[in-house]
2 protein chains.
Amino acid sequence: MSIGIKISLNDKLYLRDPQETSLGQNIIKHSILLIDEIGFEAFTFKKLAIKMNSTEASVYRYFENKHLLLLYLVSWYWEWVSYLIDINTMNIKSAEERLNIIISTLVFAHKENPAIDYVNESVLHRLIIAEGTKAYYTKLVDKENTVGFFSNYKMLCEKVASVISEVNADFPYPRALASNLFEMANSHSYFAIHLPRLTDVKVKDDNYEEVKDMLEHFTHSLLSK
Amino acid sequence: MSIGIKISLNDKLYLRDPQETSLGQNIIKHSILLIDEIGFEAFTFKKLAIKMNSTEASVYRYFENKHLLLLYLVSWYWEWVSYLIDINTMNIKSAEERLNIIISTLVFAHKENPAIDYVNESVLHRLIIAEGTKAYYTKLVDKENTVGFFSNYKMLCEKVASVISEVNADFPYPRALASNLFEMANSHSYFAIHLPRLTDVKVKDDNYEEVKDMLEHFTHSLLSK
DNA sequence: AGGGAGCGGATAGTATTACTATAATAAAGA
DNA sequence: TCTTTATTATAGTAATACTATCCGCTCCCT
């Protein structure tokens, strides 16, 4: 059962809104599982259709191609994180404390309570860590940016940047620090598992505590006056 | 004319060493230009062969597939940067100064003197900015890491981390800062041009000065005692 | 109750991609 | 010169990334 939150996304991301129908919800559900399982490069609409007992043509009625499906999932993810940040920081007066909560939310997103039944947020988080950047490293960025495909991410960045500026109004790079926190939360979670020599943090048994500690250290060090 | 530097790469990256033959050098040269032009997803060995007046089968004699070709280019790039850092920091005693030179080298790599005639380093730098991370965000990371495909990048990371530790031996995240400098140098150069709301720096007319300033600010702020 | 409209399923078809195989030719080395 | 090896030319296959058409099933409206 959904707890009633509504993730609103740019409606040009899809041909038919997948949140509205059970086939659409199934596409979301199984695409998350399948991309996580075999990786985005090997993922095809055909394989997805077979896995969910539907047809390729039916999937194409919802998404133009797999790149836009990925963009949809990425947008969904950041919108969800944005929602988590809102409820987790609600009524917290101290900007410092809110920033710490933001960092924890980024790193521990996969441990939050599921919000929507057809989305496995924990798997989605792992997928975003491994495939997320492919959504904007493409020859189509500029066109897609114009249409507003990255607005969720940019708005979240802005939201965090404003908290950063609240902590230290003189810090000259609030947006860059914000986007860097998102990137580092994901990349160092990935490095710790797959390329440990590129980082100093360790992740074992799904324990990302050290990633959080590092991001807090970086942030406080950068924002201390 | 080559100035005689030798870029040595893991020999499992290729089937036949492209540096040894003129066909191989042509593959490197034109693949850089073509990937930069149409993007890695649209890039195929067929298109490359047509562009360089050869055949698909000939390209396949040098590289197993386009993913390994990308890995080759990425390794080449980081090895080249590593070489640039070595000569640029040679005989500089102050670790602080060496770290600044490293940052400048990362950001301004495309402005360095060409080292090898069949590699357009300036285009390669742009390619790495836009496509570089795709080399390690793949389902094959663990296997490829075992074979040593990322050792160039990891060694460079270690080299920079040791300078960081020299500047401040108490800083607990030297490797993470090092890899983050590489990532930020590239990602914020990309953001400044394509997704400016994700950063605070501006890049115009090929002037990346502000990226450098930001990285220096971050680094000094993090390493000050 | 009848008639659309629209959804999803089934099937077919096309151009391109990602290769592998093989024979013929050109170049390079002994 | 003979032999090896590299490169080209050509062909072929399975999978990918789609597009198109038709058909049956639910609704929803009247």
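Just so it is clear, the values below take in all heavy atoms, side chains as well, and ignore hydrogens, waters and symmetry mates. Each chain gets a letter, A, B and so on, in the order the sequences are listed, and its residues count up from 1.
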Contacts of type side chain to side chain contact (heavy atoms under 4.5 Å, CB included), residue A:S54, not counting sequence neighbours
A:L23, A:M52, A:S58

Any A:T21 side-chain N or O less than 4.0 Å from OP1/OP2 of C:dG8
yes

Using the side-chain hydrogen bond (donor to acceptor under 3.5 Å, both in side chains) criterion, which residues pair with B:N186? Sequence neighbours excluded.
none

Considering only residues two or more places apart or on different chains, which pairs with a residue in residues 103-126 of chain B satisfy ring-ring contact (aromatic ring centres under 6.0 Å, His included)?
B:Y77-B:H125, B:H110-B:H125, B:H110-B:Y208

Would you say the ring centroid of B:F149 lies under 6.0 angstrom from that of B:Y136?
no

With sequence neighbours excluded, what pairs up with B:S162 under the side-chain hydrogen bond (donor to acceptor under 3.5 Å, both in side chains) test?
none

When the distance from CG of A:N26 to P of C:dC7 is rounded to whole Å, what number comes out?
17 Å

Can A:Y190 and B:Y137 be said to form a ring pair (Phe, Tyr, Trp, His ring centres under 6.0 Å), step by step?
CA-CA 9 Å; A:Y190 187 85; B:Y137 282 115; 4.5 Å; yes

What are the residues of residues 29-50 of chain A, sorted by number, that bring a heavy atom to within less than 4.0 Å of DNA chain D?
A:T44, A:K47

From CD of A:E56 over to C1' of C:dG13, roughly how many Å is that when rounded to an integer?
12 Å

Between the protein and nucleotides 25-29 of chain C, list the N/O to N/O atom pairs that are separated by less than 3.5 angstrom.
none

Only counting residues at least two apart or in another chain, list the ones meeting salt bridge (charged side-chain N to carboxylate O under 4.0 Å, His left out) with A:D36.
A:R126

To the nearest angstrom, how far is B:Q25 atom CD from D:dT7 atom P?
11 Å

Strictly below 4.0 Å: does A:R16 bring a side-chain N or O up to OP1 or OP2 of C:dG8?
yes

Can you pull out the residues from residues 58-71 of chain A that lie within a 4.0 Å heavy-atom distance of DNA chain C?
A:S58, A:R61, A:Y62

Could you work out, with side-chain hydrogen bond (donor to acceptor under 3.5 Å, both in side chains) as the rule, every residue matching A:N65, not counting sequence neighbours?
none

Spacing between A:E20 atom CD and C:dG8 atom C1', to the nearest angstrom:
17 Å

With sequence neighbours left out, which residue pairs that include part of residues 38-47 of chain A fulfil the side chain to side chain donor-acceptor pair (under 3.5 Å) condition?
A:E41-A:K134

Phosphate OP1/OP2 of D:dT7 contacted by B:T55 side-chain N/O (<4.0 Å):
no

Between P of C:dG8 and CG of A:D17, the distance in whole Å
12 Å

Contacts of B:D142 that satisfy salt bridge (charged side-chain N to carboxylate O under 4.0 Å, His left out) - sequence neighbours left out
none

Those residues that, when tested against B:T89, pass side chain to side chain contact (heavy atoms under 4.5 Å, CB included) (two or more places apart):
B:I85, B:R98, B:I101, B:I102

